[in-house]
Amino acid sequence: MLQTIEDASPKKSGGLHYAFIICLGGFLTQFIVLSAQRLPALTLESIRQALDVSYAEIGLITSIYMVFYAGLSFAWGMAADKFGTRKAIVAACSLAAVGAIAFGFLAPLGLIPAIVTWSITGCGTAGLLMAILPKIVSRWFAPNKRGMGMSLITPGANFSAIILGIVTPVIIASMGWEMSYVIFGIIYAAIAVFIAVFFREGPEEKGLAPYGAPAGVQAAPAPKMEETKAAEAKGNGQSAIVRVLKMPITWHFGLFYIIYQVGYMAASQYYVASIQSVGFTLAQASLGITWAGVLTILTELVLGQLSDRMERKNIMAFMVALNAVFGFGYYFYLTGTADPSLIVCYIFVAIITASTGVITVIMTAAGEYYDDDIRATGTGVVGTINIVGRYLGPWIAGLMIDATGVVGNSFLIVGIAMAIAAVIAVLMPRKRAKKNA
């Protein structure tokens, strides 16, 4: 929320705008999100042997985690709108830390303690992606700089993936898989402390205008309780969640996100397996994901800033359509080539993965469709709706692979889902950020 004044807020001579400290905190939350998702995959075999359970049983740890991770996004959004983004995000980081540390100590006792403790981490990470970040960015960055702000935050996820692949095997080899969870849990706790100390609700608390705001503009003070109640009264006394659920954009954006997640999950679950299925080793296949992660970070940085100059929904549609084209291309290459090249597989995987860097634009765009007082609730609801796609993607692709015996068929699902999602994105309402909003 911006207001024009005769004298802009106190001028700061040089130095880094505090919005970039906020971005650093957001970047660290994304480190938590993806490392928590990927850590079980790196330790799965060790855990399975330690607990003496089947693959189906060990899969429950991550499956139930994902239910909480995707399913509680709306609750964290409501909490952020009611109690403040800083309190909510500190609580989310703390819960993720408690769950990870508890998993390290209690998972060796049996499958049930493992499922319960990792579900606690899922409850925490649910508040660290779609629910709260769009609201934080919308307060600290002027409308024409929000894409850039988000692009500085989301690479934290891919950065964590790179660090995870290097550090975790060393920890496991020297101290055991249990300590890998304890160590990452301690890191999560340190991030919670950083955010508790340095995060602020908005630039007005630091006597600043949002980054990128024109001269003579500053952030309007954060609404007081009385003003919040007045806003609710203006909305016929309806709660934030009811107002959000009544908005057509919630279901339009939610449908886009469901279909997008079907394609995203069908790809991410079978990247490595697709390369292995045509005769390459696990080490060779995994290296492709590492390079793809680096390229994705660069894509996020570029797309975020590009979306500040163009209609965000158009960038979403273009990048998702690009994903569809290369999804189809990879499917035809894997199923129609007698002796696939490792380099060509790398190229397809890298471009498909990098195009998912559009998440920067997706999160920024979603936040701009809601007023500030219900923004976190709105994006949180959209984040929760996508649990349908997260579940259906691997399942549908798995059915296709089981029926045909060809892993590459997963990318036919990717192509179809992304093509449909691109059309849905094109049909979204225009929401071009104005430079002087």
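All heavy atoms count here, side chains included; hydrogens, waters and symmetry mates do not. Here, residue 1 is the first one in the sequence, and each next residue gets the next number.
More than 12 heavy-atom neighbours from other residues, nucleotides or ligands sit within 6.0 angstrom of CZ on Phe194. Other residues, nucleotides and ligands contribute more than 12 heavy atoms inside 6.0 Å of the OH atom of Tyr346.
Using modelled atom types, one side-chain atom of Thr379 and one backbone atom of Ala131 make a donor-acceptor pair closer than 3.5 Å. Here the side chain of Ser180 pairs no donor or acceptor atom with the backbone of Gly176 at under 3.5 angstrom. Without hydrogens or angle criteria, His252 side chain to Ala425 main chain gives no donor-acceptor distance under 3.5 Å. Side-chain atoms of Arg309 come within 3.5 Å of backbone atoms of Gln305 as a donor-acceptor pair (strictly under, hydrogens ignored). Within the 3.5 Å criterion, the main-chain N or O of Gly357 finds no donor-acceptor partner in the side chain of Thr296. Using modelled atom types, one side-chain atom of Asp308 and one backbone atom of Gly147 make a donor-acceptor pair closer than 3.5 Å. Ser151 places no side-chain N or O within donor-acceptor distance of the main-chain N or O of Gly304, the cut-off being under 3.5 Å. The backbone N or O of Tyr211 sits nowhere less than 3.5 Å from a side-chain atom of Lys145 that would complete a donor-acceptor pair. Trp76 places a side-chain N or O within 3.5 Å of a backbone atom of Cys123 that can act as its donor or acceptor partner.
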Per-pair distances, 0.1 Å, donor-acceptor, side chain in residues 153-167, under 3.5 Å, sequence neighbours excluded:
from   : atom 1 : to     : atom 2 : distance (Å)
Thr154 : OG1    : Met150 : O      : 3.3
Thr154 : OG1    : Thr360 : OG1    : 2.6
Ser160 : OG     : Ala157 : O      : 2.6

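Screening Ile136, Val90, Ile21 for a side-chain contact (heavy atoms from CB on, under 4.5 Å) involving Phe199 leaves a single residue, Ile136.
Looking only at atom types and distance, the side chain of Thr353 has a donor-acceptor partner in the side chain of Tyr271 under 3.5 Å away. The closest side-chain donor-acceptor pair between Thr364 and Arg146, if any, does not fall under 3.5 angstrom. With no hydrogens or angles considered, a side-chain donor-acceptor pair links Thr85 and Glu201 at under 3.5 Å. Side-chain contact, Thr377 with Tyr370: no donor N or O sits under 3.5 Å from an acceptor N or O. Residues Tyr369 and Thr250 have side chains that never bring a donor and an acceptor to within less than 3.5 angstrom of each other. Remark: the Tyr18 side chain and the Glu205 side chain contain no N/O donor-acceptor pair separated by less than 3.5 Å. Using a 3.5 Å distance cut-off with no hydrogens or angles, the side chains of Tyr330 and Ser274 do pair a donor with an acceptor.
Ring geometry for Tyr260 versus Tyr264: interplanar angle under 30°, hence parallel rather than tilted (30 to 60°). Note: Tyr181 and Trp177 have perpendicular aromatic rings, judged against thresholds of 30 and 60 degrees for the angle between ring planes. Using a 30° and 60° split on the angle between ring planes, Tyr69 and Tyr65 fall in the parallel class, below 30°.
Between Arg243 and Asp373, at least one side-chain nitrogen of the basic residue sits less than 4.0 Å from a carboxylate oxygen of the acidic one, meeting the salt-bridge criterion. Between Asp81 and Arg375, none of the side-chain N atoms (NZ, or NE/NH1/NH2) sits under 4.0 Å from a carboxylate O, so this pair counts as no salt bridge.
Ring centers of Tyr270 and Phe411: at least 6.0 Å apart, outside the cut-off.
Between Ile275 and Gln284 there is no side-chain heavy-atom pair separated by less than 4.5 Å. For the pair Trp140/Lys206, a side-chain contact is recorded, criterion being any heavy-atom separation below 4.5 Å from C-beta on.
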